[in-house]
Undergrad: 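Below is the structure I would like to discuss, written out as structure tokens.
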Amino acid sequence: MSLWKGAWHIFRFEMRNSVFGLIGSFILITYLVFITGSLLNGTLNGNDQGNFFGVIDFLYFCIIPIMGFLITRGYLRTGGTDLVAAKIMAWRLLPITWNHIIAARLLQLIVISFFGQIYFFGLQYILLDAAQSITLLQYICFALFWYGYALVIGVTYIYWELGFNGRQYMIASIAYIAVYAATAFTLYLLNIATVQNLINAARQGQWLPTVAALVAAVIIMPLGGRIIKARLKKRSFFHT
């Protein structure tokens, strides 16, 4: 079975068995739209209060990557990723290679992130009536940067998701939040507002940040896949 044919079969299987996770993810995204809406509205109107102490930057750093992951019962408890380990062991009893498993997971990240962010940014654009302050093309430029960012960061989440047990994955996720907070606050102290700067760049027709983010995703995803494969080969699936 070819790489992408096998990955596609796994992806379809996962999607058929993740309907409630998909619904839960879109409910969460809807909630996040309202949480970030007022802050983004202030940013669109040139009001820097939305980024007081780097809050809006922190929220975007934190929530955009998780839009590529489905909410399932397994991930709502500490040992959630151990269920992933059991699933991987079951797949390995079949003619399914490491490459199939990794490619399917990356494909899921690409697809779920894409539709999740269309929903997130589209709903924001409509509810905030953003067309009054930024054109649709400019807003797409802004949103595509975050899509590239989500894929880059998402690959590192998958590394922890597949390569380590549930407790380790949880600890890593908490560490990510701490890094996001520290980064956003440091940028705030340096008078750098990431979301505001990206909006300004999009308004000025500067696609370089967006192109750079997408190119980074194209480069890092296959590289990340190789690193994940190396980790999976070393991981013990019997003491998770």
Side-chain angles (χ1 to χ4, degrees), residues 1-19 21-22 24-26 28-29 61-72 74-75 80-121 143-166 168-170 172-173 176 210-235 237 240:
M1 184 164 46
S2 68
L3 173 61
W4 288 109
K5 183 178 180 180
W8 176 249
H9 281 301
I10 296 173
F11 171 74
R12 288 197 306 171
F13 174 80
E14 287 290 282
M15 289 298 95
R16 284 197 299 265
N17 289 276
S18 303
V19 174
L22 190 61
S25 295
F26 277 85
L28 174 62
I29 292 173
F61 292 159
C62 189
I63 68 177
I64 296 297
I66 67 173
M67 292 182 192
F69 295 78
L70 298 176
I71 297 176
T72 61
Y75 293 104
T81 308
D82 298 338
L83 299 180
V84 175
K87 187 185 300 182
I88 291 174
M89 288 190 290
W91 280 338
R92 290 293 288 156
L93 296 175
L94 302 171
I96 295 175
T97 67
W98 294 124
N99 289 336
H100 288 136
I101 294 170
I102 295 167
R105 189 61 191 86
L106 293 177
L107 179 61
Q108 186 181 53
L109 174 67
I110 291 169
V111 174
I112 300 301
S113 291
F114 180 75
F115 287 104
Q117 290 193 42
I118 284 180
Y119 181 67
F120 176 79
F121 286 106
L144 283 176
F145 170 87
W146 291 107
Y147 181 59
Y149 166 81
L151 297 181
V152 170
I153 302 301
V155 171
T156 69
Y157 276 115
I158 293 174
Y159 173 78
W160 288 97
E161 175 191 46
L162 300 183
F164 297 85
N165 65 42
Q168 292 168 321
Y169 183 40
M170 181 191 69
S173 298
Y176 272 69
T210 297
V211 171
L214 294 174
V215 169
V218 171
I219 295 172
I220 290 175
M221 291 195 74
L223 177 61
R226 295 189 185 97
I227 296 173
I228 293 168
K229 181 179 179 180
R231 173 59 192 168
L232 282 171
K233 287 182 175 180
K234 295 178 181 179
R235 178 185 174 182
F237 291 92
T240 57

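Hydrogens, waters and symmetry mates play no part in the numbers below; they use all other heavy atoms, side chains included. Computed from a predicted structure; not experimentally measured. Numbers for residues simply follow the sequence, beginning at 1.
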Undergrad: With sequence neighbours left out, what residues match Phe145 under ring-ring contact (aromatic ring centres under 6.0 Å, His included)?
TA: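 Phe145 satisfies ring-ring contact (aromatic ring centres under 6.0 Å, His included) with no other residue.
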
Undergrad: Give me the atom names and distance for the closest heavy-atom approach of Gly154 to Leu109.
TA: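 Of all heavy-atom pairs spanning Gly154 and Leu109, the closest is C-CD2, 3.8 Å.
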
Undergrad: Just how far is it from atom OG1 of Thr156 to atom CD1 of Ile220, taken to the nearest 0.5 Å?
TA: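 Here the rounded value is 9.5 Å.
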
Undergrad: Does any part of the side chain of Ile153, heavy atoms only, come nearer than 4.5 Å to the side chain of Tyr176, both counted from C-beta?
TA: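 Tyr176 vs Ile153: side chains touch.
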
Undergrad: Indicate the atoms forming the closest heavy-atom contact of Ile158 with Ile228, along with that distance.
TA: CG2-CD1, 3.7 Å

Undergrad: Check the pair Phe120, Phe115 against side chain to side chain contact (heavy atoms under 4.5 Å, CB included), reporting the backbone distance first and the verdict last.
TA: CA-CA 9 Å; Phe120 176 79; Phe115 287 104; over 6 Å; no

Undergrad: Which distance, rounded to the nearest 0.5 Å, do you find between the CD1 of Ile63 and the CD1 of Ile29?
TA: 9.0 Å

Undergrad: Hey, is the main chain of Phe114 close enough, under 3.5 Å, to the side chain of Gln117 for a donor-acceptor pair?
TA: no

Undergrad: Quick one, Ile10 and Gln108 - any side-chain contact, counting heavy atoms below 4.5 Å?
TA: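 The answer is no; the side chains never approach within 4.5 Å.
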
Undergrad: Are the side chains of Lys5 and Trp8 in touch, meaning some heavy atoms are under 4.5 Å apart?
TA: no

Undergrad: Does a side-chain heavy-atom distance below 4.5 Å link Val218 with Leu214?
TA: no

Undergrad: Mind checking side chain to side chain contact (heavy atoms under 4.5 Å, CB included) for Ala143 and listing every partner two or more places apart, or none if nothing turns up?
TA: Phe121

Undergrad: To the nearest 0.5 angstrom, please state how far the CD1 atom of Ile102 sits from the OG1 atom of Thr97.
TA: 8.0 Å

Undergrad: If you take all heavy atoms of Gly148 and Ala217, which pair is closest and at what distance?
TA: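 Gly148 and Ala217 have their closest heavy atoms at O-CB, 3.8 Å.
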
Undergrad: For Tyr119, which residues count as a ring-ring contact (aromatic ring centres under 6.0 Å, His included) partner, sequence neighbours excluded?
TA: Phe26

Undergrad: Suppose we screen for side chain to side chain contact (heavy atoms under 4.5 Å, CB included). Which residues come up paired with Ile110, at least two apart in sequence or across chains?
TA: Tyr147, Leu151, Met221

Undergrad: Taking only residues two or more places apart in sequence or in another chain, which ones pass side chain to side chain contact (heavy atoms under 4.5 Å, CB included) with Leu223?
TA: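 Per chain and number, Leu223 pairs via side chain to side chain contact (heavy atoms under 4.5 Å, CB included) with Ile227.
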
Undergrad: Taking all non-hydrogen atoms of both residues into account, name the closest pair between Ala7 and Ala103 and its distance.
TA: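 Distance-wise, the nearest heavy atoms are CB-CB, 3.7 Å.
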
Undergrad: Taking the inter-plane angle between the rings of Tyr169 and Tyr157 on a 0 to 90° scale, is it parallel (under 30°), tilted (30 to 60°) or perpendicular (over 60°)?
TA: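 Rings of Tyr169 and Tyr157: perpendicular, over 60°.
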
Undergrad: Here's one to test your reading of the geometry: is the NZ or CZ of Arg105 within 45 degrees of the ring axis of Phe11 and under 6.0 Å from its centre?
TA: no

Undergrad: Any chance you could measure Met15, atom CE, to Leu22, atom CG, to the nearest 0.5 Å?
TA: 6.5 Å

Undergrad: Within the 4.5 Å heavy-atom criterion, are Phe69 and Ser25 side-chain neighbours or not?
TA: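 No, their side chains stay 4.5 Å or more apart.
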
Undergrad: Who are the side chain to side chain contact (heavy atoms under 4.5 Å, CB included) partners of Lys233, not counting sequence neighbours?
TA: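 Only Trp98, Lys229 meet the side chain to side chain contact (heavy atoms under 4.5 Å, CB included) criterion with Lys233.
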
Undergrad: Does Gly21 offer a backbone N or O that forms a donor-acceptor pair with the side chain of Ser18 under 3.5 Å?
TA: no

Undergrad: Report the residues that fulfil side chain to side chain donor-acceptor pair (under 3.5 Å) with Tyr159, sequence neighbours left out, ordered by chain and then residue number.
TA: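 Testing Tyr159 for side chain to side chain donor-acceptor pair (under 3.5 Å), a comparison that skips the adjacent residues, returns none.
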
Undergrad: Taking side chain to side chain donor-acceptor pair (under 3.5 Å) as the definition, give me every residue that meets it alongside Glu14, ordered by chain and number, with sequence neighbours left out.
TA: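 Side chain to side chain donor-acceptor pair (under 3.5 Å) check on Glu14 returns Lys87.
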
Undergrad: Between Leu162 and Arg235, is a side chain to side chain contact (heavy atoms under 4.5 Å, CB included) present by the stated rule, with each step listed?
TA: CA-CA 9 Å; Leu162 300 183; Arg235 178 185 174 182; 5.5 Å; no

Undergrad: Nearest 0.5 angstrom please: Arg231 CZ to Trp160 CH2, how far?
TA: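 One finds 8.5 Å between CZ of Arg231 and CH2 of Trp160.
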
Undergrad: Using 0.5 Å steps for rounding, measure from the CG atom of Asn17 to the CG atom of Leu70.
TA: 11.5 Å

Undergrad: Can you name the side chain to side chain donor-acceptor pair (under 3.5 Å) partners of Ser173, sequence neighbours left out?
TA: none

Undergrad: Got a sec, which residues hit side chain to side chain donor-acceptor pair (under 3.5 Å) with Arg12, two or more places apart in sequence or on another chain?
TA: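 Arg12 satisfies side chain to side chain donor-acceptor pair (under 3.5 Å) with His9 only.
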
Undergrad: Any idea which heavy atoms bring Ser113 and Gly68 closest together, and the distance?
TA: OG-CA, 3.1 Å

